[in-house]
Amino acid sequence: ERSKMGSNSADTDDDEILGGDGYSLQQLFSKRNTSCFAYTYDDIIILPGHIYNFPSAKVFEFNPSMTIPLDNYISRNVKIKVPLLSSPMDTVTEHEMAIGMALQGAIGIIHYNMTIEEQANEVRLTKKYKNGFITDPACLSPEDTVAAVDQLKAKHGYSGIPITANGKIGSLLVGIVTSRDVDFVSDRSVKLKDVMTTDLFTAPEGVSLSEANEMMRQSKKGKLPVVNPAGEIVALISRTDIKKSMEFPDASKDKNKQLLVGAAISTRPNDRDRCKALVEAGVDVIVIDSSQGDSIYQIDMIKHIKSSYPSVDLIGGNVVTAKQAYHLIQAGVDGIRIGMGSGSICTTQEVCAVGRAQATAIYNVTRIARQFGVPCIADGGISSSGHIVKALCVGASAVMCGSLLAGTEEAPGEYFFQDGIRLKKYRGMGSIEAMSKGSEKRYFATGAVVKVAQGVSGSVADKGSLRQYLPYIIQGVKQGLIDVGASSLQELYQLCAEGRLKFEFRSPAAQREGAVHSLHTYDK
């Protein structure tokens, strides 16, 4: 048959070895195949595998993605259920994003473009959060009017407002106002002391969520204030929030059942004080944020942090070569960020002519990091769930996202409209705008007379809430694993290591073919 096909056995064997049905990861990135080229996510495609007998077959038949565990380590000791991190950018991650990520099983890294006290408070707000417990409810005083309730309802969407002696949380609770108290009040200038409910049903400080749920069931109340022995309100429990708490069984939590959160620092010496404040606030992982991570400044900071706070995991970076990674591993990091100039708002490769294509960078850095048991995070260039799957296949333990999460309700900033589209600001930490706020430390530009921008400022479309958006991303990643025949993230790594998962490079025409094409208009 071979002779009929016009090829000898040697040619046929070469064809089988070199990729008749694709190439292994090792073959794909070997010097013989890639010559001097470097590749990114869109340059490669994963060939489908065999979908076989997944665990929990009955569940799989109903919902395949339910049986695909994605849990993995982002550092030596920190493990999360969903291998996603939100980027430490001032238009991406503050406490609302960190809380939203942790509830979904991921983790947020709070940016440092703020004072030490402000960043430590962002960490505390995340750690204090209890799903179902509102720790900073809007309060009013007895001297406020019904119109103030209307304003809070318009802003927050609810009207169950605790009334305290001075109108602030932590003050003596004297009443509560709900829609029942104010709906039929025609004069909105009436003071709340004349309409508020003073016969209060409260819970003591320290009550558990299950106990609070039972108390609310018996009392048939929609809001349950939590007070300390002095009668001062410390939290508010909402029936609707208790219902929501059941939606997040995979939330990222520490041993004390508090949400996991990370925070970024720079390599400047005074950020040792920032690190101390963050550790005292309860941070779970510190990320040293630098565009070029292989520096004596970062190595000194790594050694200081690991000697001063050995129980806190430390992620170093950013790096794109094996040599860079080795230096940080030798210094003592627990995790590594990979990426330089690949973010959608980053111009480092264009301005400085330094960086590396992301897929090639991940493959080469993770090869050495794996030998030392150091997890690696792919940072930059992620614009879809397909890119996340590719990053994981190439060797990343987790993926850090900026633009993918910017524009969500939980991202910092206000929405605005432009050309009929609802937008939110998104900017690179290397943009002039961000550097003027303090991020020049990331680019070794502190004190420079002329600051060279390594990023841009722009805007992204509204993506809605993380509660709906992130499950969609996670589902796409799980579906990708199903299609390649992996029943878990760990099996995906095994398939890659054994050369059983096959890849190919794509031509520009193939990339166009693989995207939406030949339509006049379309909706996503």
Side-chain angles (χ1 to χ4, degrees), residues 95-96 98-99 102-103 117-118 120-144 148-149 152-153 155-182 191-246 248 251 253-261 277-284:
H95 75 273
E96 289 187 12
I99 290 170
L103 288 177
E117 294 74 19
E118 288 171 339
N121 189 53
E122 292 292 319
V123 170
R124 278 191 291 270
L125 287 171
T126 308
K127 298 302 289 185
K128 281 171 56 181
Y129 179 87
K130 293 184 180 180
N131 201 27
F133 289 78
I134 305 170
T135 55
D136 56 346
C139 299
L140 293 172
S141 76
E143 297 300 317
D144 285 314
V149 176
L152 286 178
K153 185 175 182 180
K155 182 177 180 180
H156 300 293
Y158 57 83
S159 58
I161 311 296
I163 309 302
T164 64
N166 65 4
K168 297 179 180 179
I169 185 73
S171 179
L172 181 67
L173 181 68
V174 295
I176 191 167
V177 169
T178 67
S179 57
R180 295 188 189 95
D181 299 312
V182 300
K191 292 188 175 181
L192 297 181
K193 65 182 180 182
D194 298 323
V195 297
M196 68 185 185
T197 298
T198 56
D199 182 17
L200 301 175
F201 183 78
T202 62
E205 186 176 17
V207 66
S208 68
L209 195 59
S210 59
E211 291 170 341
N213 191 22
E214 180 61 23
M215 292 175 70
M216 295 182 76
R217 187 187 67 80
Q218 292 180 3
S219 66
K220 298 182 181 178
K221 300 287 187 182
K223 296 285 192 297
L224 181 63
V226 179
V227 298
N228 61 22
E232 299 162 335
I233 184 170
V234 294
L236 183 68
I237 301 173
S238 168
R239 183 185 298 276
T240 55
D241 284 336
I242 287 180
K243 289 180 181 178
K244 290 176 183 177
S245 70
M246 301 175 184
F248 306 109
K253 296 182 179 180
D254 61 20
K255 61 183 179 181
N256 297 319
K257 305 300 181 184
Q258 293 179 312
L259 296 182
L260 293 179
V261 62
L278 293 171
V279 172
E280 291 173 350
V283 75
D284 297 287

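Residue numbers count from 1 along this sequence.
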J.: Nearest heavy-atom pair of Ala102 and Leu260: which atoms, and what distance?
T.: CB-O, 3.7 Å
J.: Tell me if a side-chain donor or acceptor on Ser219 pairs with a main-chain N or O of Met215 at a distance below 3.5 Å.
T.: yes
J.: Between CD of Glu122 and CG of Leu278, what distance do you get to the nearest 0.5 Å?
T.: 11.0 Å
J.: Do you know the tightest heavy-atom contact between Ala98 and Val261?
T.: CB-CG2, 4.0 Å
J.: Give the table of side-chain donor-acceptor pairs shorter than 3.5 Å for residues 195-208, with sequence neighbours excluded, one pair per line with atom names and distance.
T.:
{"from": "Thr197", "atom 1": "OG1", "to": "Asp181", "atom 2": "OD1", "distance (Å)": "3.2"}
{"from": "Thr197", "atom 1": "OG1", "to": "Asp181", "atom 2": "OD2", "distance (Å)": "3.3"}
{"from": "Ser208", "atom 1": "OG", "to": "Ser210", "atom 2": "OG", "distance (Å)": "3.2"}
{"from": "Ser208", "atom 1": "OG", "to": "Glu211", "atom 2": "N", "distance (Å)": "3.1"}
{"from": "Ser208", "atom 1": "OG", "to": "Glu211", "atom 2": "OE1", "distance (Å)": "3.3"}

J.: Drop me the distance from Ser171's OG to Ile233's CD1, to the nearest 0.5 angstrom.
T.: 9.5 Å
J.: Given Pro137, which partner from the list Leu152, Leu236, Ile161, Thr164 fulfils the side-chain contact (heavy atoms from CB on, under 4.5 Å) test?
T.: Leu236
J.: Between Ala120 and Ala281, what is the shortest heavy-atom contact and its length?
T.: O-CB, 3.6 Å
J.: Can you tell me how far CD of Glu232 sits from CG of Asn166, rounded to the nearest 0.5 angstrom?
T.: 9.5 Å
J.: Just jot down the side chain to side chain donor-acceptor pair (under 3.5 Å) partners of Asp254, sequence neighbours excluded, or say none.
T.: Lys127
J.: Find the distance between NE2 (His95) and CD (Glu118) and round it off to the nearest 0.5 Å.
T.: 12.5 Å
J.: Quick check for you: to the nearest 0.5 Å, what is the distance between Lys193 atom NZ and Asp144 atom CG?
T.: 11.5 Å
J.: Specify the closest pair of heavy atoms between Pro162 and Leu173, including all atoms of both residues, with the distance to one decimal.
T.: CB-CD1, 4.0 Å
J.: Taking all non-hydrogen atoms of both residues, which atom of Val174 and which atom of Pro142 are closest, and how far apart?
T.: CG2-CG, 3.8 Å
J.: Which distance, rounded to the nearest 0.5 Å, do you find between the CG of Asn121 and the OG1 of Thr126?
T.: 9.5 Å
J.: Of the non-hydrogen atoms in Leu172 and Gly231, which two are nearest, and what is the gap between them?
T.: CD1-O, 3.6 Å
